[in-house]
Amino acid sequence: MEFVSRMTDELISYYPKARLEPMLSGATVKHGDKIERLEEVPIFDECSQRQLRSIARIARVFDALAGTMLTHAEEPGDEFFLILDGTANVDVATEKRGSLRPGAFFGEMSLLDGGPRSATIVAETPVRLLVISRRDFSVLLKDVPGLTQSLLMTLSRRVRQAEESAERMGGALAGL
Ligand code: CMP
């Protein structure tokens, strides 16, 4: 199960290894502060103030410690994540697929096709994330101009990487 160690927004924190269920109170991120952070995110560049306000309403801000498993391969997942601060590592089938930096998003695949998580993502440093639930993901797609295109570009790049990796593995096996 995915887990988050501490939810900053909405006075919520989480138990490890639980789904994203609210457990306890913490500090609140003010609506205005959230909009200021959203303005710094490249994929929201084209958004109007009205659109940013709408995103701020559906997005929760969430802090996780280094080492926190943010998505777990093969498990179901119901959230879309965007990194505000810190970095996270992506592992697909035990192969490291690079590091995600501020401005990068992940978790879209399970929301788009309803399948299990395709990769394990672990916080490399303490991270601050924007989290959007499955229910609100369609609002995000509608309110963020270019997000659909950005998702398609990212998915195309990953298909190419997966094909290259499969070819490399095939080549290595053939050489045995
Ligand atoms: P999802 O399958 O919902 O959860 C795991 C996420 O990892 C996935 O969505 C993508 O956002 C991300 N992901 C999957 N494969 C890769 C990859 N090869 N490189 C970077 N991110 C990936």
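Numbering of ligands and ligand atoms starts at 1, following listing order.
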Distance-only donor-acceptor check, side chains Q51 and S48, under 3.5 Å: yes
Under 4.0 Å to a heavy atom of [X] - the qualifying atoms of ligand 1, by number:
| X | result |
| --- | --- |
| R97 | 18 (N) |
| A119 | 5 (C), 7 (O), 14 (C) |
| F106 | 11 (O) |

Ligand 1 versus [X]: contacting region, heavy-atom distance under 4.0 Å:
| X | result |
| --- | --- |
| R158 | side chain |
| I121 | side chain |
| Q161 | side chain |

Polar atom proximity, G107 to ligand 1 (N or O, under 3.5 Å): yes
Min N/O separation T71 to ligand 1 under 3.5 Å: no
Pair F80 + F105: ring centers closer than 6.0 Å: yes
Side-chain ion pair, D63 and R128, N-O less than 4.0 Å: yes
Electrostatic pair E164:R157 at N-O distance under 4.0 angstrom: no
Test item: S54 and V139 side chains (from C-beta on) under 4.5 Å apart, heavy atoms: yes
Test item: E39 and L52 side chains (from C-beta on) under 4.5 Å apart, heavy atoms: yes
Sub-4.0 Å heavy-atom approach of G77 to ligand 1: no
Transitive ILVMFWY side-chain link F137 to M153, under 4.5 Å: no
